[in-house]
Structure formats: structure tokens, C-alpha cells
Amino acid sequence: MTSKKKTTLAVIAGSVLGFIGILIGTSLTVTFPVLIRQFQLPLYIIQWLSSGYYLCATLIMSCTSSIMKSFSLKKIFITSTCLFLCGMIISFLSKNFIMLLLGCFIDAIATGLATPLMYQIVFATVNQNQFGKYNGIVTMIKSFGPAFGPTYGGILTSLFSWRLIFICVIPLLIIAFFIGIYSIPNNIKSNSKSFYKTFNFMGMILFSGLLITFSIFINQLGTKNSNCIILTCLASLILLFIFIRNNRTSTKEFLNFTILKNKIIKKRALNFFSLQFINLSIAFLLPIYCEEILHFTPLIAGLLTFPGALIGALISPLTGKYYDKYGAKKTLILSSLFITISISLFFGLYPKLNPATIIILYIIFRIGYSLGFGNLMADAGKHIRQDSRSTLSALFNTFQQYSGSVGNNLMASIISILSAYNFSKIQALKFGGKICFALLTLIAVLLLAIIIMEKEHKHGKRVFYTNNKK
């Protein structure tokens, strides 16, 4: 088999792992009503299956830069596959909520390893002039997760059992495993001793505490618990200060933010975070609107977003080729235009959206999302040395994953604030949803303005950063 075909298979194998992780995460949300009844627990506890999943994956992603320098891509791939299998079996056999949560957290750890791995395989095996094309393949496969997740979870939960969510993907996991074993290169020799000596474990602990306390702070904004809000806010600020100090002074490595000194990488990171923030905020708002205001079932709510997610996934390779041909600025302007138009119309028409409008506007949004998402990391990868691309992958994917946790928490808090102050449930959803879409519209407009004002960057003027903290 030719080297090119082997590279394509390696990219596909890594992407399938990422797809499985996202599929599990997105399909769980439609099971909440069933799990609430089965385990006799309130929603604010059950929802940790989702928010805890993304938070756990974020924490693992923050470590992957160091992991990828100390272990081969193939070994990381094998570890992620085994963790997925263990998590799925535990979740399937779970007899109580704690056991189910444990299984989901193990799957989240696997997702945290698999998601940066997808892009690192591209950076390690593909020529720079084809980053857009192969990142398009990665984005396409990855995008099938949110496309199929709600429908997949809804069908299995409604017709059979939520437990099958974890079992039905095992054949796909096994196929991806054998493809990856054959095609993924052993790019470096394993050096676990080096990892334990050079990794900043204190930095990881501080960063974990920061993300957890900040997530609780955002979550508590939707309540009247002022003491908890003040306490978590202060704790977040203190941990942020200590983490920054530790990250600057420690000779050991955790997350290296020096690559953000490059203005282009900084802009791409901001856009990457914001784009995923908007995406997952919409994924949170639309099902609630469909189920609570339009009185649709979770399955129907998932089907309304399916055409957009599917089209967005299918055109991802084409958007990568568009980027390779026309460059970053034209691609990202087009992406921002589609996103701004769709979000603005969501805001203007809410809360009078009907099924046809939701389908059309979500298709427009997903086209814009596909144009921007994979190409943002591809373009950032051209502004950094090859030996620092694992840092780029870890940093961007950490931003991406945590943006989903922040987005869901913030959208829920805005709606919950209104519920706490004598608004009825429907009034809170209508008025709160309007505020949420107004915020998302403002973010989209700002991103469009930043891209339009950005100067075209030529290859010869690009600045490169290493992982040194000097």
C-alpha cells in the first residue's frame, strides 16, 4: 500500500476515535429524562454525565502536549482504544449512577487523548500544503458525532435501552483499532521516565482546580446562592494567579502558552474557542426550545438539527480544499459571514422559530462552522515549528473542549436566573433564550469584524515559536 493511502488510513483511524468520543457525549443528553426516573435523581446531578464528561476530557487534553512528546502516536492510540472499551463496558453494566458516571469519565479520558491525536497525526504525517485537505477529513469524521449523536441516542433509548449507546459502537472501535495498528507510525520512542521527570504535575493540579471552580462559579450564577458565587469566584481568581506564577517559574512542562505570543495563533485560538462556544451553546438551546416550547420528543428535536450537522460534515473536505486554494482570510471571512447571518436570524426570529426555520438556519450555521473549525487549526499549524505542533494541538483542543462546558453552563445560568426571579418556566425559556442568542450574535459579529480587519499574511513573514519558556 502506498504511503499516501497509509497516511489517509492513519488519519481516518484517529478521527474515528474522536468521533466515538463525541458521539457518546452528545447522545447522552437525550437520555436524561429516562435516567432521572431510573436513578431517582434530580437533573442538576444527572447533567454531570455531560458537563463532567467534557470537563474531564478538557483536563486530559491539557496534558497531551507532554504526553505526545514522551509516547509514540501508536501507543497513545492503543491506550485510548483500551480506555474506550473499558468505559463502555462499565457504563453498559452499571447498576447505579456512580458506576455509570465512572464509565463515562473513563470514556472522557479516552476522548481527551483521542481528540488531539487526530490533529497530531495530520501534523506528523502530512505535508504542510495539504493540511487543509486532511484537516477537512478529520473535521468531517469528527462532525458526524454531533450529527448522529442525538438521533443515535434517541433511537436506542426510545426503542431499546440507553445502555446500547455504549455497546453498539464497539464494532466500530475494533475496526478503527486494527486500521490504526497497521497505519499509524511509531514517530518517537516511548520515554515514560522523561515524562515523569519533566511533566509539571503541580501545574496540572492547579489548572484542574481552576477549571472546576470556574465551572461551578458559572453554574451557580443561575441560583440565588450568593455565598457560593462569591466563594467560587475568589477561588478561581486565586487559582488563576497561582497557576500563572507556577507556569512562568516552573522548569517542568505542562501547558505552554508562549505560542500565543504569535498574534496570528492568538487570533486563531480566540476564533477556535468562540466558534465552538457558539456551536455547543446552540446545541444546548435548540433541543430545550423544541422539547419545552414546541413540545417535541427528544428524538424529533435531534432530527431537526440532523440535516445541518450532516451537510456540515460532508462538506468538510471541500472546505479544506477551499482553504488550501484561497488561503485563511477568504475562508474565515466566508465562515464568519455564514455564522453571523444564521445566528442573527436565530436571534431575530426567536421565540417564533418553527421546524422548517430551525432546519434551514442550522444548515447555514453548520456550513459556516465547517469552513472555519478545521481550517483554524490548520492555519495556526503553519505558523509554528513542527516540533511544537503537539503543543498547538493540546492548547487548541483544551480551548475547544472547555468552551463547550462554559457555553452550556452559561446558557443554563442565564435561563435559570430568570426562573429564580418569578418567571414561569416558559417565560424564562423564551426571554432567557432571546438573551442567549443576543450574546451569541454579538460574539459572531465581533469575530467577523476581527477577520475582516486582519491583514493578509505571507509565508515569508511568519513567526515561529518553540516550546522553550525563555
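Remember, it's a predicted structure, so these values are computed and weren't measured experimentally.
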N/O donor-acceptor pair under 3.5 Å between T232 side chain and I229 backbone: yes
Approximate separation, where rounding is to 0.5 Å, of F166 CZ and L100 CG: 5.5 Å
Backbone N/O of L376 and side chain of R268: donor-acceptor pair under 3.5 Å: no
Polar side-chain atom of S335 near backbone of T331 as donor-acceptor pair, under 3.5 Å: no
Interatomic spacing from CG in L447 to CD1 in I452 - rounded to 0.5 Å: 11.0 Å
S91 (side chain) donor-acceptor with M88 (main chain) under 3.5 angstrom: no
Main-chain N/O of I339 paired to S342 side chain as donor or acceptor, under 3.5 Å: yes
Approximate separation, where rounding is to 0.5 Å, of I358 CD1 and Y350 OH: 9.5 Å
Residue pair S274 / N271, side-chain donor-acceptor N/O under 3.5 Å: no
F347 six-ring face occupied by K434 cation (under 6.0 Å, within 45°): yes
Passing option when F243 is tested against I238, L206, I205 for side chain to side chain contact (heavy atoms under 4.5 Å, CB included): L206
F431 atom CZ, neighbour heavy-atom count above 12 within 6.0 Å: no
pair T357-N354: side-chain heavy atoms closer than 4.5 Å: yes
Y152 side-chain N/O to I165 backbone N/O, donor-acceptor pair under 3.5 Å: yes
Sidechain-backbone polar pair: S183 side chain, A10 backbone, donor-acceptor under 3.5 Å: yes
Donor-acceptor pair, side chain of S370 and main chain of I367, under 3.5 angstrom: no
Donor-acceptor pair between T111 and Y54 side chains, under 3.5 angstrom: no
